[in-house]
Amino acid sequence: MSLPSDFKWGFATAAYQIEGAVNEDGRGPSIWDTFCAIPGKIADGSSGAVACDSYHRTKEDIDLLKSLGATAYRFSLSWSRIIPLGGRNDPVNQKGLDHYVKFVDDLLEAGIEPFITLFHWDLPDALDKRYGGLLNKEEFSADFENYARICFKAIPKCKHWITFNEPWCSSILGYNTGYFAPGHTSDRSKSPVGDSAREPWIVGHNFLIAHGKAVKAYREDFKPTQGGEIGITLNGDATLPWDPEDPADVEACDRKIEFAISWFADPIYFGKYPDSMRKQLGDRLPTFTPEEVALVKGSNDFYGMNHYTANYIKHKKGVPPEDDFLGNLETLFYNKNGDCIGPETQSFWLRPHAQGFRDLLNWLSKRYGYPKIYVTENGTSLKGENDMSLEQIVEDDFRVKYFDDYVRAMAKAYEEDGVNVRGYLAWSLMDNFEWAEGYETRFGVTYVDYANDQKRYPKKSAKSLKPLFDSLIKKE
Ligand code: NCW
């Protein structure tokens, strides 16, 4: 079992989850600032207003990364720090941009390669209010391209760009279930525009067009001189049939992945949506114009994979409701024989099952022709961690085992299955604002004491990754 000699590994975070300083140096509000202010939306009533205070602690964070041996760090830029009102005719906030330029310089000086995510869910609020934000294809994609160009130009030293993080989450959780910002649901008493049978598919389409435009801009105007690479990060769970003897359940396993991953990846690799989605959604799923196909098809230099969990899949009989987004199936943690997929965590959607990681790496590789893959997120929360003493928290053997199992499954996929995986970023460098779950769920390899000046305490898992990767990465 091994990994290639140029394999990069490290940790990942996102701006709104760690930075805090939401009113400083000219930053404008994002849809998450607005969403957090609505009572009942965040489990503990919190927000990212202070978070880990990373905006003020860049040196401390880089020292931490260095001490853990990381060779790469994935973080996101806050669009509303760089362009507070978001749009292509709105002013650029030089202070916000300079913050990231310096951060990248400091990372490189520490020998850590930056992987920059341009968008990790925190759309400038002004764009949502001005023209409906992600729902407006022409405006959103033009504004995103403009924002991306400003970042490419200002940060030529970054060689790995990710356009969007998990567009599935922004589309489905933001425009169907209402669990994430901007919180649209079908319930028109709660959302004036809410139409969860259509909006998520429109938003997904608009992400693809905006991705295509940013990639085209990068390839034409920046890549020739900067020599970097660009891709998108998609999330998706591994699937196992609830009843392996039932062909309908077996078929539903692929459909589940198609509705999560291929929704975005098929247009990027093949120029069209999956047949299973078209069949169920009909004309509620937008169609690509020939110009859009040309823009989107072939627009990944690498595939960014976020992966956490697996599910047993049971086909549902009958016609699915119009607002179904899973593909007419149920996701379960137990199968027909009562076997459990994996132990509980603090996240209702996450149960470790490392073999699923290897299986999904293979599924993606076969479908998309063995693309270069960066695992841009992988990690776990831990049941009850928030209620433990500090002494117990830092002894996070559960998380150590999670990383050990998952990283070894990935190394097997590379060595034995020919999967072209080239990097791994563990989620997350530190505990942070876990969106609708607030601060109650901790994903960090570093404990953050929010009540005491955001002091950081590396857990056992933080220190477990360097020896693990040292033992797996081939020496030159
Ligand atoms: S919440 C979420 N996550 C976590 C988050 O911290 C990170 O920013 C994201 O990239 C860890 O990785 C991603 N994913 C959303 C999962 C929610 C699933 C809900 C399904 C309901 C149908």
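Because the structure is predicted, anything quoted here is derived from the model rather than measured. Atoms within each ligand, like the ligands themselves, are counted from 1 in listed order.
- Residues forming a ring pair (Phe, Tyr, Trp, His ring centres under 6.0 Å) with Phe259 (at least two apart in sequence, or on another chain): none.
- Salt bridge absent: Lys159 and Glu229 never bring a charged side-chain N and a carboxylate O closer than 4.0 Å.
- Take Asp266 and apply the salt bridge (charged side-chain N to carboxylate O under 4.0 Å, His left out) test, not counting sequence neighbours, and it matches Arg367.
- For a heavy-atom separation below 4.0 Å, the residues in contact with ligand 1 are Gln17, His120, Trp121, Asn165, Glu166, Cys169, Leu173, Phe180, Asn306, Tyr308, Phe348, Trp349, Glu377, Trp427, Glu434, Trp435.
- Ring orientation note: the planes of Tyr406 and Tyr402 are close to parallel, at an angle under 30° on the 30°/60° scale.
- With sequence neighbours excluded, the residues forming a side chain to side chain contact (heavy atoms under 4.5 Å, CB included) with Thr71 are Lys8, Trp9, listed by chain and number.
- Using a 30° and 60° split on the angle between ring planes, Phe403 and Tyr424 fall in the perpendicular class, above 60°.
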